[in-house]
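Report on the following structure.
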Amino acid sequence: MVTMGELWATLGSVVASAMFVSTIFKQYFPYQLWGYIEKYSLKFVRFLYPYIEIRFDEFSGGRMQRSEAFSAIQNYLSTKASLHATRFKADFVKDSQSLVLSMEDREEVTDEFEGIKVWWVLGKTIPRTQQFSFYPAADEKRFYKLTFHKSHRELITKSYVKHVFDGGKAIAVKERQRKLFSNNPSKNWYGWRSTKWSHVQFEHPATFDTLAMETQKKEEIKKDLKKFREGEEYYTKIGKAWKRGYLLYGPPGTGKSTMIAAMANYLNYDVYDLELTTVMDNSELRSLLIETTNKSIIVIEDIDCSLDLTGQREKKKEKDGDEEEKNPIEKKMKEDSENKASKVTLSGLLNFIDGLWSACGGERLIVFTTNYVDKLDPALIRRGRMDKHIEMSYCGFEAFKVLAKNYLDIDSHELFAEVGHQLEETNMTPADVAENLMPKSDEDDAETCLKNLIEGLKVAKEEAIKKAEEEARLKAEKEEKEKEEKAKEADSKEENKKGDETAANSVKENGSIDKEVK
Ligand SMILES: Nc1ncnc2c1ncn2[C@@H]1O[C@H](COP(=O)(O)OP(=O)(O)OP(=O)(O)O)[C@@H](O)[C@H]1O
Ligand SMILES: [Mg+2]
């Protein structure tokens with residue numbers, strides 16, 4: 001079989017002869033004939049070299065954006081290169097567990113598609129300008145060159161190239177290291193290499209298997225997520241942006257943050273942890289959200305604390321208004337501190353969730369968490385914005401069984417019945433159950449841990465009873481006070497009434513005396 005090297009050697013001699021012939025022609029033939037000669041010599045070369053070349057540059061659109069095609073080809077060829085090439089660049093990905101080999105510069109890789117052979121070469125061009133550069137590598141322009149026989153033009157340009165892109169993208173999804181992004185304060189957004197989001201590798205061990213929750217509820221959430229992930233066509237069909245809002249609510253320690261991690265692991269998505277208190281205003285919020293990538297979960301934790309959802313800021317300003325004129329220096333200081341505080345508003349957030357943001361990109365989940373669902377504005381959590389509401393509640397027996405399996409590696413035990421009975425009577429968060437179940441030393445076995453939990457549940461129950469009694473006492477006291485106050489009020493009203501009547505009577509009497517006098 002002819003290799004590309006041999007082909008080039010043949011071509012080299014043909015080109016040399018052609019150049020020699022062309023020099024002779026230029027000397028002895030008139031200028032008008034050159035056009036014809038060039039045309040026919042090109043045809044001749046094409047006849048001798050029946051191959052087509054396609055070049056895929058690394059950067060398209062200036063140097064700003066790395067070409068998607070280049071990355072896809074790189075991924076696709078990383079699997080082929082390990083079979084054919086002899087020189088590689090090696091890299092570890094995914095926690096140093098798998099080695100990725102990619103082609104070295106100018107290395108040739110052959111591939112076959114439906115019995116047709118094609119050649120790939122990684123090339124680079126170095127600019128000829130003699131400029132001094134701090135980053136010489138940044139001036140190089142790399143590209144992949146695909147060569148194939150011209151008789152397969154149709155098949156290669158349509159089917160094969162698509163096959164390579166799809167294959168490359170699938171590998172990227174599989175090999176991708178997921179990231180946890182946090183937003184930078186806007187004062188750090190500008191300057192060399194600064195970004196709006198910083199990231200670290202996302203490596204949270206939580207999964208739906210380890211999440212303590214009723215099985216039925218868990219399955220429902222998993223199905224919902226799966227439907228979303230595979231729903232590109234469906235969302236296009238119904239004319240809706242490919243986004244979905246989740247609201248997780250429940251007391252602290254019931255697993256809201258853990259659920260987000262499990263979701264990200266299940267979907268294989270990146271996580272953007274959006275800290276709203278460092279976002280100055282709605283336009284900053286917009287530019288942050290626009291920079292998020294697809295296949296991601298955007299998380300806003302404790303939404304009730306990060307946003308002024310009750311309009312209290314407005315009220316506070318009104319109250320301060322009276323004092324403004326009294327102390328101008330204080331007023332200025334107050335203004336400065338207010339200017340520094342976040343001015344993201346509910347309407348800004350809402351506009352973005354279902355307004356403009358819908359137009360850019362898809363495949364994004366937005367998850368809000370709160371401990372107090374009642375505090376949230378109904379406008380924020382209506383379906384369409386927050387499509388799915390999930391209540392994370394106190395630990396039930398099913399959730400306990402998951403924790404027992406996670407922490408003690410047991411599916412059943414004679415003490416389970418007692419734990420179940422106690423859980424029915426006491427509200428304990430999965431976080432507290434987990435803490436009680438965790439072995440505190442090497443000597444602690446499953447039985448000791450379960451006994452600890454039962455003890456913990458009993459204590460919690462007693463405390464809850466005491467708290468309820470205390471609350472009832474306070475309530476009764478308050479009611480008693482209110483009653484007394486009402487009685488007092490009624491008394492004073494009665495007295496006032498009586499006073500008024502006496503006065504009216506005396507006026508009447510005076511009037512009749514006056515008449516008599518007349
Ligand atoms: N449902 C659960 N399943 C498994 N582990 C849980 C669950 N709930 C809580 N935990 C454990 O408790 C810890 C705290 O839970 P998590 O941070 O998810 O609670 P949260 O609901 O986000 O609380 P907060 O409202 O305070 O943010 C977790 O690290 C996890 O180990
Ligand atoms: Mg949390």
Side-chain angles (χ1 to χ4, degrees), residues 180-183 200 202-222 224-225 245-267 269 271-278 297-307 309 365-376 380-381 386 388-411 416 419-420 422-424 426-440 446 449-450 452-453 456-457 460:
L180 169 65
F181 293 88
S182 334
N183 53 317
V200 290
F202 179 80
E203 284 170 346
H204 200 294
T207 62
F208 275 107
D209 291 337
T210 62
L211 190 73
M213 197 180 204
E214 295 99 83
T215 323
Q216 198 194 344
K217 213 166 153 188
K218 218 177 349 186
E219 286 306 312
E220 189 193 312
I221 297 166
K222 271 164 78 176
D224 192 275
L225 291 172
Y246 274 71
L247 174 71
L248 306 182
Y249 64 94
T254 46
K256 295 178 292 297
S257 307
T258 315
M259 161 77 92
I260 296 171
M263 282 174 155
N265 285 332
Y266 180 71
L267 294 170
Y269 280 9
V271 176
Y272 284 87
D273 187 8
L274 180 58
E275 175 58 55
L276 274 188
T277 46
T278 61
I297 303 183
I298 295 150
V299 181
I300 304 180
E301 290 251 35
D302 296 324
I303 182 82
D304 49 303
C305 308
S306 20
L307 257 190
L309 301 170
L365 281 184
I366 177 155
V367 181
F368 287 59
T369 74
T370 181
N371 293 333
Y372 309 98
V373 71
D374 309 332
K375 265 205 214 168
L376 298 185
L380 180 70
I381 59 174
M386 297 288 105
K388 192 156 177 62
H389 298 187
I390 301 170
E391 185 183 4
M392 305 295 290
S393 52
Y394 294 109
C395 192
F397 186 59
E398 272 194 59
F400 155 74
K401 283 209 310 205
V402 178
L403 291 174
K405 178 83 188 142
N406 291 348
Y407 285 78
L408 307 174
D409 206 15
I410 51 172
D411 291 310
F416 271 24
V419 174
Q422 292 291 341
L423 280 173
E424 268 171 27
T426 321
N427 281 341
M428 189 180 257
T429 61
D432 285 339
V433 172
E435 180 51 33
N436 279 307
L437 271 186
M438 193 135 62
K440 305 290 178 309
C449 296
L450 287 171
N452 281 345
L453 173 63
L457 281 164

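Counting starts at 1 for both ligands and their atoms, following the listed order. Because only heavy atoms are used, hydrogens play no part in the values below, and waters and symmetry mates are left out as well, while side chains stay in.
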TODO: May I ask you to decide if A206's main-chain N or O and T210's side chain share a donor-acceptor pair within less than 3.5 Å?
DONE: no
Open item on the list: Closer than 3.5 angstrom, by distance alone: can the side chain of E398 be matched with the main-chain N or O of T215 as a donor-acceptor pair?
Closed with: yes
TODO: Without swapping roles, check the side chain of N183 against the backbone of T278 for a donor-acceptor pair under 3.5 Å.
DONE: no
- [ ] Can you sort out the partners of K405 under salt bridge (Lys or Arg N to Asp or Glu O under 4.0 Å), two or more places apart, ordered by chain and number?
- [x] D409, D411
TODO: Under 2.8 Å from the Mg ion (ligand 2), which protein N, O or S atoms are there? Could you list them by chain and number?
DONE: S257 OG
Open item on the list: Check whether K256 reaches the backbone of M392 with its side chain - one donor and one acceptor, N or O, closer than 3.5 Å.
Closed with: no
Open item on the list: Could you work out, with side chain to side chain contact (heavy atoms under 4.5 Å, CB included) as the rule, every residue matching D209, not counting sequence neighbours?
Closed with: T207
Open item on the list: Go through it in stages, so that I can follow the logic: the residues are Y246 and D224, the test is side chain to side chain contact (heavy atoms under 4.5 Å, CB included), and I'd like the CA-CA distance, side-chain angles, deciding distance and then a yes or no.
Closed with: CA-CA 11 Å; Y246 274 71; D224 192 275; 2.4 Å; yes
Task: Backbone of L211 reached by a side-chain donor or acceptor of K218 within 3.5 Å - done: yes
Task: Presence of salt bridge, K222 and E219, under 4.0 angstrom - done: yes
One pair per line, please: each N/O atom of ligand 1 matched with every protein N/O atom under 3.5 Å away, atom names first, then the distance to 0.1 Å.
| unit_1 | atom_1 | unit_2 | atom_2 | d |
| --- | --- | --- | --- | --- |
| ligand 1 | 1 (N) | A212 | O | 2.9 |
| ligand 1 | 3 (N) | A212 | N | 2.7 |
| ligand 1 | 8 (N) | G255 | N | 3.1 |
| ligand 1 | 18 (O) | S257 | N | 3.4 |
| ligand 1 | 18 (O) | T258 | N | 3.0 |
| ligand 1 | 18 (O) | T258 | OG1 | 2.5 |
| ligand 1 | 19 (O) | G255 | N | 3.4 |
| ligand 1 | 21 (O) | T254 | N | 3.3 |
| ligand 1 | 21 (O) | G255 | N | 3.1 |
| ligand 1 | 21 (O) | K256 | N | 2.9 |
| ligand 1 | 21 (O) | K256 | NZ | 2.8 |
| ligand 1 | 22 (O) | S257 | N | 2.9 |
| ligand 1 | 22 (O) | S257 | OG | 2.8 |
| ligand 1 | 23 (O) | G253 | N | 3.0 |
| ligand 1 | 25 (O) | K256 | NZ | 2.8 |
| ligand 1 | 25 (O) | N371 | OD1 | 3.0 |

